[in-house]
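Just so we're on the same page: letters track the sequence lines, and every chain starts at 1. When reading the values below, keep in mind they use all heavy atoms of this one structure, side chains included, and skip hydrogens, waters and symmetry mates.
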Amino acid sequence: MPTFEVFRFNPEHDEDAYFQEYELPEIKGMTVLEGLYYILENIDPTLAFRSSCRQGVCGSCAMHINGQYRLACETQAAMMGSRIIIRPLAHMKIIRDLVVDMDPFFAQYETIRPYLIPAEEAGEREYKQSPKQRAKIDHHVDCILCAACYGSCPVVATDDKYLGPHALLKALRFVDDSRDGATGERLALVATDEGVFRCHTIFNCQQVCPKDLDPTGAIGKLKMKSIWAKFTGRLKKTG
Amino acid sequence: MFYDILIVGGGLAGLRAAIAAHDAGAKVGLISKIHPVRSHSGAAQGGINAALGNNPDGRDDSPERHAYDTVKGSDYLADQDAAEILADAAPGTVIELEHWGCPFSRYEDGTIAQRPFGGAGFPRTCYGADRTGLYLLHTCYEQAVKRNIEVLYERFVTKVAVRNGRCAGVVVMNMHSGEFQTIGAKAVIFATGGSGRVYSVNTTNAHSSTGLGVVMPYWAGVPLKDMEFIQFHPTGLEGSSILMTEGCRGEGGYLINNIGERFMKNYVSEKIMELAPRDIVARAIKTEINEDRGFEGKYVHLDLRHLGADRINERLPGIREICMKFKNIDPIDEPIPIHPAMHYTMGGIDCDKDGVTPLEDFYAAGECSCVSVHGANRLGGNSLLETVVFGARVGEYAANKVKGRNEPADGEALDRALKDEAERYKMLRSSDGRENPYHIRNELSELMNEKFGIFRNEVDMQKGYDEIRRLRARFNRIRPIPETGKFNYDFLWVTEIAGNIDAAMAIAKGALNRTESRGAHYRRDHKERRDEEWLKHTLCNYTTEGPEISYKEVTITKFEPEERKY
């Protein structure tokens, strides 16, 4: 019988956060998310947590489970042992229980101009992109914006202006896209004190990413590209 | 808050409608109970249909052929003018999404890659590996960000505000503040997705796909159409029912029973095999399981092993990831255990090809709508297409329709709706019942899978219908909801369950009445399609006594209904 120890906090009523223990029955194949639903539906309807797809693609249910940021939906409870300790994502304001304020996370994502700025004018047919060119963005495009990286990043912890691993990975996704024509502006947006140069290369984001993506590597690559662009005078000023 | 166009739902249809309405000059607000990138569009895997002719075997493909396949796939219940719009708009729509940055997979010549899908005469399904929905959803969200479209997320709509046959806006529970608010608009577009969670014990759908977005307008007097047509996807992962894309078979995967046979040859021609339309493949799998040719009495195998590691890693990486994480098997080395799982609601809010519903200033687009392009059975790759084609169409149409109108918000209608909701909340809070709402939902979904599943018959359906009515009565005696302030998820789910129950009633009533078999609606007691009596859409109106059924003509243009053979 697993015990779920779940972080609880209602800033409107509680003086302090606390952990609440719930005893769950043994259910074969139960995921941590299913465990949380079991609590909500059978034990405690006040528990607040986000979820949607329950198959690891919507990015709603990233949380801290037994020492690691994971998606609750794809984490088998049995693999976590008999005590499962669940906390919300860190570095974001807690709204209630496991629900945190994601607005800053999305605001930072928006600063890097997260959309294709085409190199060529659109014609009647698709932009041509070879499989080899497409392969350059193979993994970057799989980001589900779950914020596991963000919650795990010690730089985010101490600097709320830092753009964050998610936004920087997204920036490389467009820099590396053969169809995009705004590399100079994109590098200028991230080659700042609060952008790639704020990253201390701690690798937490790479370690926790549930999609096996590599924000640390992406930031490293953006640093190199930014420095080279600076050397060659191609770093565009942004207005 | 007052907008020209208020869009409810942040999936592909909602985002595409928002972009179109914005580009047509409207002041747009988009609200959703979850953040747009969390929408279930993102879980679509296999692809989006468009007769681009990029695949070497698809050079002779055409929009007309696409429309024909769609109509035949629908078992002739689709409105053919709508199916033609869908197919004609497809190539331009997909090219536009590519121009917006969607990372489609590619051929050596740099064009968008296309794979074969069920019921299609040519390989016309454009894909980005097996994450096409994720890529499209993020691409459309990016375009919304680019346009600075106002997005308010975690606003849970609980009521459509109506006065004198006109929609004035909606009431939302703002999850962030824990308070009800009204949002007025000159026109409202619902793009709230499907009703999969009515079958929650066996569906590929997200927790969010509850069908409340279909039921709220139904409560407000908008008819629902063709609700009895429920698509079971042939290949849900055994146990969790997570989708295993049709692309698995498009890439050459086999369906195998317990005697090692590719059993589809017993159901369709050897040329078609695993790539028959979904209704036919789902029935075949269910038959194999029922006749003891499955495994453990509950699944068959989807075998990808002969495709090899390279092809699986390139084309189906998401499938491999899901199998490893959720089933602890690697499809490179082992077959995947699958069974059919409820996947898609062909029916929905009754609307026409511009999203216009019988309620003035109220529109619908995407899975919550029923135009109808899918009729009695949707083809794989046509749902993503429908979201973007009709999302754009409806967004633009509604924006043009309200252009130049200068009326203020209908404060009276909005306030009255707000009062109703506050009243309902109070009642939920102070209920002296003891029933657990979630147990009611679980019982409901068990019975829907059993009685309104792949095979249906009068006796079971009548029992099922009576049982839903009993569950509905029990729901009136649920235990009180808690007061939590912000993010009161119990309030949210309880409201969703009220929707589940009435969506189930509409499905059940439509299915009971339709004494024929057509597409996904298959009755053992009426095995034939009967066009002379049943080539018509079911309409369902809400009354306090229960659903009231009427019928509506199907639009036929150039494809005369004929026997559907594969």
Highest number of heavy-atom pairs under 4.5 Å with chain A: which of [options]?
{"options": "B:E321, B:M175, B:H40", "value": "B:E321"}
{"options": "B:T204, B:L237, B:I95, B:L134", "value": "B:I95"}
{"options": "B:L243, B:V145, B:N205", "value": "B:V145"}
{"options": "B:G92, B:C102, B:S39", "value": "B:C102"}
{"options": "B:P103, B:G485, B:A206", "value": "B:P103"}

- [ ] Sort by residue number and list every member of residues 98-112 of chain A having a non-hydrogen atom under 4.5 Å from chain B.
- [x] A:V99, A:M102, A:D103, A:F106, A:Y109, A:E110
- [ ] Report, by ascending residue number, the residues of residues 26-38 of chain A in heavy-atom contact with chain B at a distance under 4.5 Å; give 'none' if the set is empty.
- [x]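 Within residues 26-38 of chain A, the residues that come under 4.5 Å of chain B (heavy atoms only) are A:L33, A:Y37.
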TODO: Taking A:E126 for its side chain and B:E98 for its backbone only, find out whether a donor-acceptor pair lies under 3.5 Å.
DONE: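 No; judged by distance alone, with no hydrogens or angles, the pair does not exist.
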Open item on the list: Check whether A:S52 reaches the backbone of B:H207 with its side chain - one donor and one acceptor, N or O, closer than 3.5 Å.
Closed with: no
Task: Atom of A:V57, atom of B:G42 and distance for their closest heavy-atom approach - done: CG2-O, 3.5 Å
Open item on the list: For a 4.5 angstrom cut-off between non-hydrogen side-chain atoms, does B:S200 reach B:M342?
Closed with: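 SC-SC contact between B:S200 and B:M342 ruled out.
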Considering only heavy atoms, which portion of [X] lies under 4.5 Å from any heavy atom of chain A: side chain, backbone, both, or neither?
{"X": "B:N54", "answer": "side chain"}
{"X": "B:R38", "answer": "both"}
{"X": "B:Y135", "answer": "side chain"}
{"X": "B:I34", "answer": "side chain"}
{"X": "B:L492", "answer": "neither"}

At a 4.5 Å cut-off on heavy atoms, which part of [X] comes close to chain B: side chain, backbone, both, or neither?
{"X": "A:K132", "answer": "neither"}
{"X": "A:E124", "answer": "backbone"}
{"X": "A:I137", "answer": "side chain"}
{"X": "A:D142", "answer": "both"}
{"X": "A:R173", "answer": "side chain"}
{"X": "A:I117", "answer": "neither"}
{"X": "A:R54", "answer": "both"}
{"X": "A:F49", "answer": "backbone"}

Task: Under 3.5 Å side-chain donor-acceptor pair for B:N442 and A:E41 - done: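 Absent: no donor and acceptor within the cut-off.
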Open item on the list: So if I take each residue of residues 147-156 of chain B and look for any heavy atom under 4.5 Å from a heavy atom in chain A, which residues do I end up with?
Closed with: B:Y153, B:E154
Might you confirm whether atom [atom1] of [X] has over 12 heavy atoms from other residues, nucleotides or ligands at distances under 6.0 Å?
{"X": "B:D310", "atom1": "CG", "result": "no"}
{"X": "B:H176", "atom1": "NE2", "result": "yes"}
{"X": "A:E21", "atom1": "CD", "result": "yes"}

Name the option with the most non-hydrogen atom pairs under 4.5 Å to chain B; the candidates are [options].
{"options": "A:P131, A:A122, A:S51", "value": "A:P131"}
{"options": "A:K211, A:Q76, A:R113", "value": "A:K211"}
{"options": "A:S60, A:S130, A:C143", "value": "A:S60"}
{"options": "A:G123, A:G56, A:S178, A:P118", "value": "A:G123"}
{"options": "A:P45, A:A48, A:C146", "value": "A:P45"}

Task: salt bridge (charged side-chain N to carboxylate O under 4.0 Å, His left out) partners of A:D97, counting only residues at least two apart - done: A:R8
Open item on the list: Would A:R179 pass as a cation-pi partner of A:Y127, given that its NZ or CZ must be under 6.0 Å from the six-membered ring centre and within 45 degrees of the axis?
Closed with: no
